[in-house]
Amino acid sequence: MTGRDDMDAGPLLDIRDLTLSFRTGGGLVRALNGVNLTVGHRERVGIVGESGSGKSVTAQAVLGLVPAAEVTGEIRFAGENLLAVPQERMRQVRGKEIGYIFQDPLSALDPVRSIGDQISETLRIRGVRKAEAMRRSIDLLGRVGVKNAKERARDYPHQFSGGMRQRVMIAMALVAEPRLVIADEPTTALDVRVQAQVLDLLLELAEERGLSVLFITHDLGVLSGFAERVVVMYAGRAMEQCVTDELFYGSINPYTLGLLESLPRIDGEVPRRLTTIGGQPPSPAHPPSGCPFHPRCRYAIDVCAARVPTLLTPPNGSHPSACHRAQWLAEQPGVLR
Amino acid sequence: MTEPILEVTGLTKEFPIGGGFGRRKETLVAVDDVSFSVLPGEVLGLVGESGSGKSTTARCVMRLIEPTRGTVRFAGEDLLALRGPRMRRVRRGMQMVFQDPYSSLDPRMKVEDIIAEGMVIHHVRSGAAARRARVRELLELVGLRPDHLTRRPANFSGGERQRIGIARALALDPRLLICDEPVASLDVSIQAQILNLFKDLQQELGLSIVYIAHDLATVRHLCDRIAVMRDGRIQEIGDRDQIYGAPRSEYTKELIEAVPIPDPIRQREKQERGAALRRAAKAGPPAEVPTPAVAKAARP
Ligand SMILES: Nc1ncnc2c1ncn2[C@@H]1O[C@H](COP(=O)(O)OP(=O)(O)O)[C@@H](O)[C@H]1O
Ligand SMILES: Nc1ncnc2c1ncn2[C@@H]1O[C@H](COP(=O)(O)OP(=O)(O)O)[C@@H](O)[C@H]1O
Ligand code: SF4
Ligand SMILES: [Mg+2]
Ligand SMILES: [Mg+2]
């Protein structure tokens, strides 16, 4: 066993008790309420949850992209607390050590500069010679599946289709050989066939390069094929955390169970009605007391409105769930099936 | 035989494109000779990737834009041959629900007025009292509360706005709803609520629905029959079990195969299959097994 990854013990990314509040006209709005999350070396971790649950804000916090917010807790990356480092150091980390891919490549790319120029910039600002930076960018463009990479490097973003632009973004994220890549809904805007190709590419590259990936999605189908471990978020909290198979076959969290039940399926029996979660997610400006899910939870008991459950593994369970009834759920034979 | 409520034949829509200095004017065929019909009480799915011509088809059927060719028969009338008030009266029987519940509702209007607007314009249920009673009925039908009536769209979540959009569409007692990606911007838990609402409406009111979507799972859940579109053309049309169980066109097969399933063991198997196929395609046919053409050529 060799390589830089095996040098340090512990996870590559270790987020502890992260809270984050935005200052708004109406006062402080709490977007993250104590998120705990780790990504191991060469591990692919998925964050799943509905819109507004805090997935993107978590990613932005890791990348140091929410400077105006009030943040507490720790974000340890390879041992270093990113919340405590100066801006200067953060700029080095971003792009070089942590690459990132967002949902909308058009807003992340400069429309008036060539693709090759933009990919190689990450290298040039770190002192790589221009010709060498371009050569490496073109190699990588070819690797992510852009044909005639040498010629296409001279093209501009609008000359690429949506799927091709997302491949360009992947090249941009990887060109400086980061150890961690954060991908925030990277395939959400793509058609289903292109999505499958881009996901395959990401998976291949992650394995080939020994990358750690923090992968954000709202789509449980996309998650199931990509992530090795999963964190389910709701109202700025982690509700459940486990290896991917356990989430789908042995969840012990009512919110996760509700999500899984409400999905229409591509095969099997077609139910007359879908099981739904009633109501809607809370607004961060008016969070409910106790468990944030209690107004919608069919398993709720008195204590749920009074006390916030902590993310804990129940005595007879195999993984942590933030639910007062996690132990009871773990005792039920196959709630979902 | 029951008469179809909607019968679309040879529908074609061309858009002029390009045509700047020195460039030749060209046309884009967004909808190309599309034919389908919808029976009373039936839900027809129109599925395809973005740009395949789904929305343009809907807009031609609603006559929001003029088709280049083709006929649209609705409730026995040739819609494209009608003009003026008569056209509008017939068309009233078809209503649309749009994808974006944010941009399709006027932010300054109260919910009550949004829902009643169509009744006012078309002089249905004249009398404020009769209209108000109908608005309350609709509100209950789509699962909103009476206290929602005086609020404005900005105070509603995406799911609630979509319910408002559906109530507005139902206000004129349509026989057919054309829903263009109505749940695409909603979270899954809310999406499930709206899909259930469509099923209830179809069963309680005997509504026909044309459900347009790119998402094959919601289409399967809701639709009796499905038309698969690609590049403006219908690739195949069939009932649900046939389309999902035994698709005839290669394209439909590909679309279904590409849908990621929320079941990790099966999804991983599926990805392996896909990767193996691509490796095989990259490597070409194995050397020791000559393809038929090669085998023939090698024969003395
Ligand atoms: N710049 C901002 N200012 C104020 N509130 C914000 C800002 N960015 C995000 N939020 C709020 O934080 C919460 C979490 O948002 P986000 O992380 O984007 O959710 P998602 O899980 O959909 O990615 C939401 O309520 C959102 O409205
Ligand atoms: N007003 C228009 N002018 C020119 N082209 C258009 C117009 N409306 C749609 N198109 C084109 O027609 C094709 C079909 O579009 P659309 O019906 O919106 O597809 P879908 O709804 O399946 O995504 C696309 O190539 C689109 O760019
Ligand atoms: S803590 Fe209570 S309300 Fe929250 S998920 Fe568990 S059972 Fe439901
Ligand atoms: Mg987000
Ligand atoms: Mg459309």
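Lettering follows sequence order; numbering is per chain, from 1. Treat the numbers as computed from the prediction; the structure is a model and nothing was measured.
- Looking only at heavy-atom pairs under 4.5 Å with chain A, the residue among B:Arg268, B:Glu254, B:Gln193 that has the most is B:Gln193.
- Distance CG/B:Leu216 to CZ/A:Arg265: 15.5 Å, rounded to 0.5 Å.
- Heavy atoms closer than 4.5 Å to chain B are found in the side chain of A:Arg296, but not in its backbone.
- In this structure, CD in B:Gln191 is found 8.0 Å from CG in A:Leu274, a value given to the nearest 0.5 Å.
- In terms of heavy-atom pairs under 4.5 angstrom with chain B, the leader among A:Arg272, A:Glu50, A:His218 is A:Glu50.
- With hydrogens and angles disregarded, no donor-acceptor distance shorter than 3.5 Å links the side chain of B:Asn196 to the backbone of A:Arg273.
- Minimum interatomic distance between B:Ser157 and A:Gln280 (heavy atoms only, all atoms of both residues): OG-OE1, 2.6 Å.
- A distance of 11.5 Å separates CG of A:Leu263 from OG1 of B:Thr218, quoted to the nearest 0.5 Å.
- Side-chain atoms of A:Asp191 come within 3.5 Å of backbone N or O of B:Ser50 as a donor-acceptor pair.
- Going from atom CD of B:Glu272 over to atom CG of A:Asp200 covers 9.5 Å, rounded to the nearest 0.5 Å.
- What you find for B:Pro262 and A:Phe248 is that their closest heavy atoms are O-CD2, 3.3 Å.
- At a cut-off of 3.5 Å, with distance as the only test, no side-chain donor of B:Gln267 or A:Ser224 sits close to an acceptor on the other residue.
- Considering CD1 of A:Ile266 and OH of B:Tyr244, their distance stands at 5.0 Å, rounded to 0.5 Å.
- Heavy-atom distances place no part of A:Glu204 under 4.5 Å from chain B, backbone and side chain included.
- Among A:Ala196, A:Gly279, A:Gly225, the residue with the largest count of heavy-atom pairs under 4.5 Å with chain B is A:Gly225.
- At most 12 heavy atoms of other shown residues, nucleotides or ligands fall within 6.0 angstrom of atom CZ in B:Arg108.
- Under the salt bridge (charged side-chain N to carboxylate O under 4.0 Å, His left out) criterion, A:Asp155 pairs with A:Arg152, not counting sequence neighbours.
- Chain A forms more heavy-atom pairs under 4.5 Å with one residue of B:Val219, B:Ile190, B:Val188 than with any other, namely B:Val188.
- Neither the backbone nor the side chain of A:Ser283 comes within contact range of chain B; no heavy atom of the residue lies under 4.5 Å from a heavy atom of that chain.
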Given side chain to side chain contact (heavy atoms under 4.5 Å, CB included), test A:Val270 with B:Arg240 step by step and report yes or no. CA-CA 10 Å; A:Val270 180; B:Arg240 177 178 63 208; 3.9 Å; yes
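- Within the 4.5 angstrom heavy-atom criterion, no atom of A:Leu223 approaches chain B.
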